[in-house]
A.B. asks: 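Quick one: the structure is below, questions incoming.
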Amino acid sequence: MRHHWLLLGACGWVLLILMFASKFINFRAADDYGERAGGQSWTEPGTKLLQPNPEKPAPKATDVPSVVPSVAEWQSVVEKRIELLSAVCKNNTLRNLTQVSVSKFILDRIFVCDKHKILFCQTPKVGNTQWKKVLIVLNGAFPNVEEIPENLVHDHEKNGLPRLSSFTPQEVTERLNSYFKFLIVRDPFERLISAFKDKFVKNPRFEPWYKHDIAPAIIRKYRKSHRDSDHAGSGLRFEDFVRYLGDVEGRRHMDRQFGEHIIHWVTYVELCAPCEIHYSVVGHHETLEQDASYILKAAGIEELVSYPAIPPGITRYNRTKVEHYFSGISKRDIRRLYARYQGDFRLFGYPSPDFLLN
Ligand SMILES: *[C@@H]1O[C@H](CO)[C@@H](O)[C@H](O)[C@H]1NC(C)=O
Ligand SMILES: *[C@@H]1O[C@H](CO)[C@@H](O)[C@H](O)[C@H]1NC(C)=O
Ligand SMILES: *[C@@H]1O[C@H](CO)[C@@H](O)[C@H](O)[C@H]1NC(C)=O
């Protein structure tokens, strides 16, 4: 990236074009970029990339504006999301799916930037590695995001990005009451597909426990025909995964054994307690470009850091993909899955996937 900065001095427009081109080099697939180690296109702190880019092709989705809207315009979107969230939190019929106690597990998910009074609840598969890097730089352990070694991003002992759980109860309460708090969510079923692909099919970071421990345990309990599982190399199927996820009672014991790995598929409610913690902003992965620039401004840090360029289209909801993954899975299993994840759909305004349920 450094050569870009020399060019920036010479010609800002050349920079914009290069940034646009580099998106395609640095990002390979939609599901990769949030967790991909290394090679991200970042801008140095102090540089703004937030202005609408006239060279950018307009997104096709009708609900996504073609340029980054002004803060005022996006503010009404953000406010409506928060209004919906608090209304759904009050719905007693959904209590079981929306209310949780703010446990150590949840405080472990929340990262703290004291210098700028920011709390960020981590939800995998929505580009959260980028946010962690932003906060690490803001906390001052590294001067800019390029200098953060990849192996330190997730090493919270050493990267100067503490978890909320490392504070005393009084310090936790103070921070929850007064800091800017945000999380990013995405369509709940697309998120599960993304987690499945990333952990059980591709597993790019080579985390062997998913294939070697978790997948066999799920197959043993949930695969219908055990003859099938005798076939050589038969890995976890999405169908097995769906059955496990929808089994509210049965999976409790397994989830305890799976430990922290379940963060990739437990509900957003269980990760971030959105009804108990009054988040300032809930970003949507589907509108990450608008949300990222809004969050930086609302948190008062847009002069200090910027969020990396997001390749056009990669965060868009893909119904064809969702239909493809769920085809051949029984309605009963899909309805159970929806029953389990309905809280996330409702709280964050994602439409129920009727095309799968009926
Ligand atoms: C609460 O949720 C239930 C179940 O989804 C729904 O039928 C009902 O309309 C909701 N109530 C309100 C006030 O939104
Ligand atoms: C909520 O959970 C409790 C205990 O698990 C259960 O008895 C109750 O029926 C559930 N209520 C709803 C509305 O699902
Ligand atoms: C949506 O997903 C399908 C199936 O995975 C894929 O073939 C298609 O290219 C995707 N569409 C977009 C716009 O990304």
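In what follows, every heavy atom counts, from backbone to side chain, and hydrogens, waters and symmetry copies are set aside. Note that ligands are numbered from 1 as they come in the structure, with each ligand's atoms numbered from 1 the same way.
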A.B. asks: For Arg163, is the CZ atom crowded, meaning more than 12 foreign heavy atoms sit under 6.0 Å from it?
C.D. replies: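 Yes - once you tally the heavy atoms of other residues, nucleotides and ligands closer than 6.0 Å, there are more than 12.
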A.B. asks: Would Arg175 and Glu171 count as a salt bridge (charged side-chain N to carboxylate O under 4.0 Å, His left out) here? Give the steps.
C.D. replies: CA-CA 6 Å; Arg175 281 161 181 73; Glu171 290 169 334; 5.1 Å; no
A.B. asks: Can you sort out which atoms of ligand 1 are near Gln342, meaning under 4.0 Å from one of its heavy atoms?
C.D. replies: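 Counting from 1, the qualifying ligand atoms are 5 (O).
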A.B. asks: Return a table of N or O atom pairs, ligand 3 on one side and protein on the other, at distances under 3.5 Å, rounded to 0.1 Å.
C.D. replies:
unit_1	atom_1	unit_2	atom_2	d
ligand 3	2 (O)	Asn318	OD1	3.4
ligand 3	2 (O)	Asn318	ND2	2.4
ligand 3	11 (N)	Asn318	ND2	2.9

A.B. asks: Hey, would you say the Phe238 and Phe326 ring centroids sit under 6.0 Å apart?
C.D. replies: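 Aromatic pair counts; centres sit under 6.0 Å.
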A.B. asks: Listing request: all salt bridge (Lys or Arg N to Asp or Glu O under 4.0 Å) pairs with a residue in residues 345-358, at least two apart in sequence or in separate chains.
C.D. replies: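 Qualifying pairs, neighbours excluded: none.
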A.B. asks: Have a look at Asp108 and tell me which of Ser166, Ser165, Ser103 forms a side chain to side chain donor-acceptor pair (under 3.5 Å) with it.
C.D. replies: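 Testing Asp108 for a side chain to side chain donor-acceptor pair (under 3.5 Å) against Ser166, Ser165, Ser103 leaves exactly one candidate, Ser165.
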A.B. asks: Of all heavy-atom pairs between Lys211 and Pro216, which one has the smallest distance, and what is that distance?
C.D. replies: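 So the minimum-distance heavy-atom pair works out to O-CD, 3.2 Å.
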